[in-house]
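Take a look at the structure set out below.
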Amino acid sequence: MKSITISVNDKKIHAEIPAPQTLLDFLRSNGIMSVKRGCESGECGSCAVLVDDEPRASCITLTLQADGKEVKTVDALSTRPDLSELQKRFIEVGAIQCGYCTPALLLLADHYLNNALSPSEKELREAISGVLCRCTGYLKPVEAIKKEFKAN
Amino acid sequence: MGLTKLSDYYRPKKLTEAIRLLKENDGYFPIGGGTWLIPYGGPEVRGIVDLSEAGIREIRLEETLMYIGASTTLNDLLTAPETSSHPYGFIRETINSEGSTRLIDSVSTVGGKIALGRGDSSFLAGLAAIDATIILFGKMSEDIKLWDYLNDSELRNENHIISGIEISTPENIHSVIFESISYIRSSPPLISLALYLTLSGNLIESVRIVFSSIEEKLVRLEEAETMLLGKELNDELIKKVSALAAKTIEPSYDPKGSAEYKKAMAGLLIERSLIKINSNRGVS
């Protein structure tokens with residue numbers, strides 16, 4: 001077992017973990033269920049998180065790789081029951097169907113909007129390309145995200 | 001499978017410490033981002049040496065030479081101003097053709113790509129075409145051409161760390177061309193070509209032609225290179241080289257594209273590239 005300390009959504013977690021544990025398993029075992037289990041090989045992106053503000057597929061990240069770092073999930077976007085403006089746009093536009101990929105889409109879109117100097121649809125589509133969405137064909141999520149960056 | 005025997009993990013701050021760990025411990029493997037080893041590694045992995053904080057994540061431009069540290073991510077390269085124009089613009093083109101996503105590109109490293117040495121990597125084909133040099137840490141002979149490294153299985157199995165690469169671009173560089181064919185833009189290419197060429201007057205002084213997604217390893221067309229060397233490009237020569245490419249390559253089985261199709265496309269890509277160069281529209 002290995003001793004680790006990770007800041008998850010600004011809350012420090014100390015834990016003893018097995019070395020092969022993935023960050024996905026760590027987060028879910030700590031009650032953060034917004035990080036979804038999908039392909040477990042980095043292909044589908046439903047487990048996306050930010051580690052030190054860099055997007056990562058948590059299913060192919062060891063918990064040990066995040067030791068001493070800051071992890072952010074979609075839960076950091078707003079304080080319940082309030083929603084962030086981007087989350088509201090998703091609802092307004094109807095960008096959520098089955099919802100499985102929605103947390104990852106929101107997180108990556110938010111990260112893109114926070115870092116892009118001059119947001120564009122091309123860049124935006126690339127930024128969220130790591131998250132597979134089989135329901136929406138990306139039309140509605142892209143529309144929602146565009147509405148948000150046009151509003152700002 | 002899975003990392004069932006993994007018990008140790010280190011994130012050294014110095015390469016000397018990383019190489020010591022690798023040399024002293026059987027079953028220890030280095031990782032850049034870990035995008036391959038973590039999902040696909042097996043019980044042979046007892047320890048991981050994570051190089052992400054070993055001080056080798058940087059891009060440096062010095063006159064006609066670019067240094068890229070091995071822990072530099074593909075996303076770093078896609079967004080770096082240094083790769084925005086000729087002669088380094090091909091780097092972005094080849095990464096965009098890898099068929100991976102930004103989520104993976106933000107973690108995949110240059111060193112990891114080289115260590116895997118996959119034959120379907122457009123990025124590696126581009127680096128091999130421009131004759132990148134790899135800087136090895138922990139070996140007596142520290143620098144080696146990427147092409148030689150990829151083809152030296154004995155060396156690749158020895159304990160060492162890829163600390164970075166250097167790309168040297170002579171002043172008379174004319175073209176670095178990248179061409180590929182994919183089902184859709186975001187899918188990995190069925191076949192891709194990276195072609196590098198320098199001219200002396202109107203004559204071809206040096207040329208390297210590297211294909212990816214043909215075999216398990218990258219494929220270099222040395223016979224076609226020889227045919228081009230010292231000559232002036234013209235339609236007849238282009239046709240000859242194109243026919244030679246189609247005849248020479250022997251694609252492995254690929255359910256996405258038949259060998260006959262890939263042979264035809266190899267000829268087409270070479271022809272297309274050389275026509276671009278000939279009409280002086282090939283500067284990337």
Side-chain angles (χ1 to χ4, degrees), chain A residues 1-4 17-25 37-69 101 104-105 107-109 111-112 115-117 122-133 138, chain B residues 1-11 13 27-53 57 71-76 78-79 81 92 95-96 98-109 112 184-188:
Chain A
M1 299 295 273
K2 298 279 180 189
S3 182
I4 53 109
I17 54 123
Q21 187 191 62
T22 64
L23 184 58
L24 168 68
D25 285 331
R37 188 183 304 281
C39 65
E40 297 191 83
S41 59
E43 301 286 339
C44 77
S46 58
C47 64
V49 297
L50 300 180
V51 177
D52 278 357
D53 206 39
E54 287 192 318
R56 291 195 77 125
S58 62
C59 70
I60 56 168
T61 302
L62 294 174
T63 309
L64 287 165
Q65 287 177 278
D67 183 22
K69 300 188 177 182
C101 68
L105 276 177
L107 186 70
L108 294 189
H111 178 258
Y112 171 71
N115 290 283
L117 296 174
K122 181 177 175 287
E123 274 187 9
L124 160 65
R125 284 181 177 273
E126 283 177 355
I128 61 169
S129 66
V131 182
L132 289 184
C133 175
Y138 300 96
Chain B
M1 291 293 280
L3 301 177
T4 51
K5 303 283 186 198
L6 178 67
S7 58
D8 299 328
Y9 170 89
Y10 294 93
R11 202 188 304 153
K13 302 280 184 197
Y28 274 35
F29 290 80
I31 62 165
T35 53
W36 188 87
L37 191 74
I38 293 167
Y40 302 117
E44 72 280 6
V45 183
R46 283 200 318 107
I48 282 178
V49 180
D50 181 346
L51 301 175
S52 62
E53 292 179 10
R57 184 175 178 178
S71 290
T72 303
T73 67
L74 300 192
N75 206 40
D76 292 340
L78 283 170
T79 53
R92 290 189 184 189
I95 293 172
N96 280 327
E98 284 278 300
S100 63
T101 62
R102 291 293 172 270
L103 187 59
I104 298 299
D105 292 341
S106 66
V107 185
S108 283
T109 62
I184 55 171
R185 191 174 168 274
S186 58
S187 67

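Letters go in sequence order (proteins before strands), and every chain restarts at 1.
Contacts of B:Asp8 with chain A are made by both backbone and side-chain atoms, with heavy-atom separations under 4.5 Å. For chain A, the nearby part of B:Ile48 is the side chain; its heavy atoms alone come within less than 4.5 Å. Only the backbone of A:Ala127 comes within contact range of chain B, with at least one heavy atom under 4.5 Å from a heavy atom of that chain. The contact between B:Ser7 and chain A is made entirely by backbone atoms, counting heavy-atom distances below 4.5 Å.
Remark: A:Asp52 engages no residue in a side chain to side chain donor-acceptor pair (under 3.5 Å) (not counting sequence neighbours).
Of all the heavy atoms in A:Pro55 and B:Leu103, the pair that sits closest is CB-CD1, 3.8 Å. A:Glu43 and B:Tyr40 get closest at one heavy-atom pair: OE2-OH, 4.4 Å. Of all non-hydrogen atoms in B:Arg11 and A:Leu64, the two that sit nearest each other are NH2-O, 2.9 Å.
Rounded to the nearest 0.5 Å, atoms CG (A:Leu62) and CD1 (B:Ile38) are 4.0 Å apart. A:Arg56 CZ to B:Ile104 CD1: the interatomic distance, rounded to the nearest 0.5 Å, is 9.5 Å. Once rounded to the nearest 0.5 Å, the distance linking CG of B:Asp50 with CG of A:Asp67 reads 11.0 Å.
Not one N or O on the side chain of A:Ser41 forms a donor-acceptor pair closer than 3.5 Å with the backbone of B:Pro39.
By the 4.5 Å heavy-atom criterion applied to side chains, A:Leu108 and B:Arg102 are not counted as neighbours.
Other residues, nucleotides and ligands place more than 12 heavy atoms under 6.0 Å from the NZ atom of A:Lys2.
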| salt bridge (Lys or Arg N to Asp or Glu O under 4.0 Å) between B:Arg57 and A:Glu54, intermediate numbers included | CA-CA 14 Å; B:Arg57 184 175 178 178; A:Glu54 287 192 318; 2.6 Å; yes
